[in-house]
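All values below were derived from every heavy atom in this structure, side-chain atoms included, with hydrogens, water molecules and symmetry-related copies excluded. Nothing here was measured: the structure is a model prediction, and the numbers come from that model. Order of the sequence lines fixes the chain letters, A, B, ..., with proteins taken first and strands second; residue numbering starts at 1 for each chain.
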There are 2 protein chains.
Amino acid sequence: MHYFKLKGKYLYCEDVQVEDLAKRFGTPLYVYSQRTLREHFDKIKKAFKAVSPLICYSVKANSNISILKSLVSRGAGLDIVSAGELYRAMRAGCSPKKIVYASVGKTAEEIKQAIKLGILMFNVESLSELAQINAIAGNLGKKVDVALRINPDINPKTHKYITTGRKETKFGIEIGSARKVFLKRDNYPNLNIVGVHIHIGSQIIQVGPFIKAIKKILKLFKELNKKNIKITYFNIGGGLGIIYDREKPQTAQEFSGKALPFLKEKGLKIILEPGRFIVGNAGILVTKVLYIKENPSKRFIVVDAAMNDLIRPALYGAYHKIVPAKKVTRSQGYKVTRKADVVGPVCESGDFLGKDRKLDVAEGDFLAVMGAGAYSFSMSSNYNSRPKAAEVLVKKNRAYLIRKREDCRDLVGKEILL
Amino acid sequence: MHYFKLKGKYLYCEDVQVEDLAKRFGTPLYVYSQRTLREHFDKIKKAFKAVSPLICYSVKANSNISILKSLVSRGAGLDIVSAGELYRAMRAGCSPKKIVYASVGKTAEEIKQAIKLGILMFNVESLSELAQINAIAGNLGKKVDVALRINPDINPKTHKYITTGRKETKFGIEIGSARKVFLKRDNYPNLNIVGVHIHIGSQIIQVGPFIKAIKKILKLFKELNKKNIKITYFNIGGGLGIIYDREKPQTAQEFSGKALPFLKEKGLKIILEPGRFIVGNAGILVTKVLYIKENPSKRFIVVDAAMNDLIRPALYGAYHKIVPAKKVTRSQGYKVTRKADVVGPVCESGDFLGKDRKLDVAEGDFLAVMGAGAYSFSMSSNYNSRPKAAEVLVKKNRAYLIRKREDCRDLVGKEILL
């Protein structure tokens, strides 16, 4: 579901023509639809209404402060993983009491800062970290709420790089160790171990692995309950898949339909951490066709966006639909029967946005790389000394610049010439 | 060859202790040895002395302006691929007459700017680009020197992402088309087509593919000569492999030994474009151990550097040696028999620096990721809202900050809160 639609021969973001945006703001350009991301947020909220969850949007998916504000002002909390994300959360006006903090590598400085700000809780990923937070809390004279991130050892059937709930991954605490922590919670006098967090991966299509993981944890809660240990929060993480190509992911409603029977009436406060589900299809990357290269052995469409702008195809072998911002009718021009690779200017073969696409485009035309709302700008780099793209947020018939395009001076702004 | 050596129990960069640098500048930290990169430059220069080549360092490998200046002041020219790199080249004080400009996606604006600055030549990658440069040169009333980048269709036997000289890659012009361009060079009245450029890939271990490609081009030159078309420049590109693990790459001397017999006495001006060869082993990434995570099923060393700092392991499956900045003797502590994955704080399983390493380290220790001079900082991103690392250049017994560490404010500096 999204609000990037063809009207006549032009692609629109809500009520704004994408080609107009490309001309006005230049390319490569990220364009987001506020309505799309907000409706996705509303969908999850509605689906899980029966348990009134705290929905903490996963900042790493797309961390632009105006995107965060669009969600925070709608009631979202935030799921963060670094001091940088905490800073962004504050800038976007998020209440610390709606912030949960994961990451296997929180530094002492980061922990201190988050305690001082009074975030809702840490999702703790190792016994060393637990000891560290306990010590820092002690030094600060505070008692700090934490959840244990448990690694449930479940295969979510997604790309290996975004599989995070199998025991051979670095994430979370194995269930046996977590059990011991709960039983010996007096070892951590400065912590309230109030919850459990799971997050088994990202872009998960099937509901089965989620339910398996939830059941595993609920079994632990039952055991602990018998020993009079009560858990308040159950953070079931994120990871709901979206449609990039022909995937048929579970809807929020289907997910909640399967999950709620297990979660309702347990007296648990539920936390959800959707990222890609909210913002994935709410953004596109707009790019200009620089050259059409008709080699005897292959056709290439060379565009001005590259792997530094969008690394998902190279890094995960990810598929992104690519469509023209303006549909050309056959009578106007050429007929394209030859498939082409859509590639950027970066000097390596890993720099491609799509392979073997049939596209009716000419030099100077604009293309939209769909599904580029999540893990797209947030992973962008300056490789090949390419300034980062600009970002625009569309609200109905108006477009707002939410990140200025970098320029050459920005590239060297931190450098010192000896 | 490099100047990162263990002296006693401490790792040194030239005459400076790496651990001291980590404490002084913080981590993650890139540390470069000027002597290493300059000696690599000298090696290539010496190996090809017989043809007095112009050695254009490949800026994309490591584009810090102080690194560029270290080489430019030694006589190097620069191989660039974008307006950003051209800007850097100027900042580093490089003469435009020593700059060659490749890239499959040069924009009109970039071409115009480079012509105005008077660079040595463009390496042209397609017929469309050739027409475009010709048109822009005409508008500017200039005659512009170009080389045709020919795709020789040679397998360099390296990672597919850095293979750039096979016909199914986006790079260069197929040899048949290039021949036609030379024969019909009058079609481009504003261009002097003075040279041929080849670049078959990166991290190439064997000399064979280079020689094959060179011979293919020399055959073309012979044909053209018969038709009275004289080529002035032969740019044989870069791509010389280095030692990351147990590779046994050809030395510069071995390469020149095989190549020079073909290049000498042809009256050709030779250009070389080494990048990784010069800087690859001249840099390390220093990182602090945050947590040791002893799971029943696996051991993890969680450090404060991550895939945003160094994406080569995730993107190319690249191997980097990892060594402690200070060697711990057995008697001082623990004995490590268990292999560990060295991972960063970023929230995905693709975030690792090394797998299954035996390392004697404790929390708080510093590690050096070796061979992190090329395609390391230059590919870094702000993923997970992590500020980019600082960079330090060591000259003998002194260390100079050449890039300040980013902070949280830098992350959002270009963003606009609606």
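- A cation-pi arrangement, defined by a distance under 6.0 Å to the six-membered ring centre and an angle within 45 degrees of its axis, is absent between B:K60 and A:Y383.
- Between the side chain of B:E406 and the backbone N or O of B:P387 there is no donor-acceptor pair closer than 3.5 Å.
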Exercise. Assess whether side-chain hydrogen bond (donor to acceptor under 3.5 Å, both in side chains) is satisfied between B:H197 and B:E125, documenting all intermediate values.
Key: CA-CA 9 Å; B:H197 171 232; B:E125 308 242 12; 5.5 Å; no

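- Comment: B:K414 engages A:D410 in a salt bridge, judged by a side-chain N to carboxylate O separation of less than 4.0 angstrom.
- Contact annotation for A:R91: both backbone and side-chain heavy atoms come within less than 4.5 Å of a heavy atom of chain B.
- Counting heavy-atom pairs under 4.5 Å between each of A:V346, A:I67, A:V303, A:D153 and chain B puts A:V346 at the top.
- Atom CD in A:E129 sits 4.5 Å away from atom OH in B:Y291 (nearest 0.5 Å).
- When each of B:N384, B:I162, B:V412 is checked for heavy-atom pairs under 4.5 Å with chain A, B:N384 comes out on top.
- Contacts of A:V104 with chain B are made by both backbone and side-chain atoms, with heavy-atom separations under 4.5 Å.
- Crowding of B:K288 atom NZ: a count of heavy atoms from other residues, nucleotides or ligands under 6.0 Å not exceeding 12.
- A:E85 places a side-chain N or O within donor-acceptor distance of the main-chain N or O of A:V81, the cut-off being under 3.5 Å.
- With B:R149 contributing its side chain and B:A102 its backbone, the two residues share no donor-acceptor pair below 3.5 Å.
- Interface remark: of the candidates A:H159, A:E168, A:E391, A:R386, A:E168 forms the most heavy-atom pairs closer than 4.5 Å to chain B.
- The residue among B:A61, B:S70, B:P296 with the most heavy atom pairs within less than 4.5 Å of chain A is B:P296.
- Within the 4.5 angstrom heavy-atom criterion, only backbone atoms of A:K160 (N, CA, C, O) approach chain B.
- At least one donor-acceptor pair closer than 3.5 Å links the side chain of B:N62 to the backbone N or O of B:N64.
- Salt-bridge formation is detected for the pair B:D356/B:K298: a Lys NZ or Arg NE/NH1/NH2 atom is positioned less than 4.0 Å from an Asp or Glu carboxylate oxygen.
- Formation of a donor-acceptor pair under 3.5 Å by the B:S177 side chain with backbone atoms of B:I173 is not found in this model.
- If you measure heavy-atom distances from A:L290 to chain B, the contacts under 4.5 Å come from the side chain alone.
- Only the side chain of A:K388 comes within less than 4.5 Å of a heavy atom in chain B; its backbone stays farther off.
- With a 4.5 angstrom heavy-atom cutoff, A:L417 touches chain B via backbone and side-chain atoms both.
- For the atom pair NE2 (B:H199) and SG (A:C347), the distance works out to 7.5 Å, reported to the nearest 0.5 Å.
- At a 4.5 Å heavy-atom cutoff, the contact between A:I311 and chain B is made by side-chain atoms alone.
- Ranked by heavy-atom pairs under 4.5 Å with chain A, the first of B:K404, B:M307, B:R409, B:E174 is B:E174.
- Counting heavy-atom pairs closer than 4.5 Å to chain B, the top residue among A:D341, A:L418, A:V302, A:D407 is A:L418.
- Within the 4.5 angstrom heavy-atom criterion, only side-chain atoms of A:F300, from C-beta onward, approach chain B.
- In this structure, the portions of B:S103 lying under 4.5 Å from any heavy atom of chain A include both its backbone and its side chain.
- Considering only heavy-atom pairs separated by less than 4.5 Å from chain B, the leading option among A:A108, A:A306, A:S297 is A:S297.
- Neither the backbone nor the side chain of B:R166 has a heavy atom closer than 4.5 Å to any heavy atom of chain A.
- Both the backbone and the side chain of B:F171 have a heavy atom closer than 4.5 Å to some heavy atom of chain A.
- Using a 4.5 Å cut-off between heavy atoms, A:D351 contacts chain B through both its backbone and its side chain.
- With chain A as the partner, the residue from B:A92, B:G172, B:G176 showing the most heavy-atom pairs under 4.5 Å is B:G172.
- Within the 3.5 Å criterion, the main-chain N or O of B:G201 finds a donor-acceptor partner in the side chain of B:T164.
- With chain A as partner, the option from B:G93, B:G84, B:S349, B:G105 having the largest number of non-hydrogen pairs under 4.5 angstrom is B:S349.
- Of the two parts of A:L393, only the side chain, counted from C-beta on, holds a non-hydrogen atom closer than 4.5 Å to a non-hydrogen atom of chain B.
- Within the 4.5 angstrom heavy-atom criterion, atoms from both the backbone and the side chain of A:S63 approach chain B.
- Chain A forms the most heavy-atom pairs under 4.5 Å with one residue out of B:Q132, B:K69, B:R88, and that residue is B:R88.
- Annotation: maximal heavy-atom pairing with chain B below 4.5 Å, among A:G413, A:A83, A:G344, occurs at A:G344.
- Formation of a donor-acceptor pair under 3.5 Å by the A:Y30 side chain with backbone atoms of A:D309 is found in this model.
- The parts of B:L411 that come within reach of chain A are both its backbone and its side chain, each placing non-hydrogen atoms under 4.5 angstrom from that chain.
- Seen from the ring of B:Y400, B:K395 counts as a face-on cation partner, given the 6.0 Å and 45° thresholds.
- Contact annotation for A:E294: neither backbone nor side-chain heavy atoms come within less than 4.5 Å of a heavy atom of chain B.
- Taking the side-chain contact (heavy atoms from CB on, under 4.5 Å) definition, one finds that A:S73 meets it with A:R38, sequence neighbours left out.
- In terms of non-hydrogen atom pairs under 4.5 Å with chain B, the most contact-rich of A:L86, A:V59, A:I402 is A:I402.
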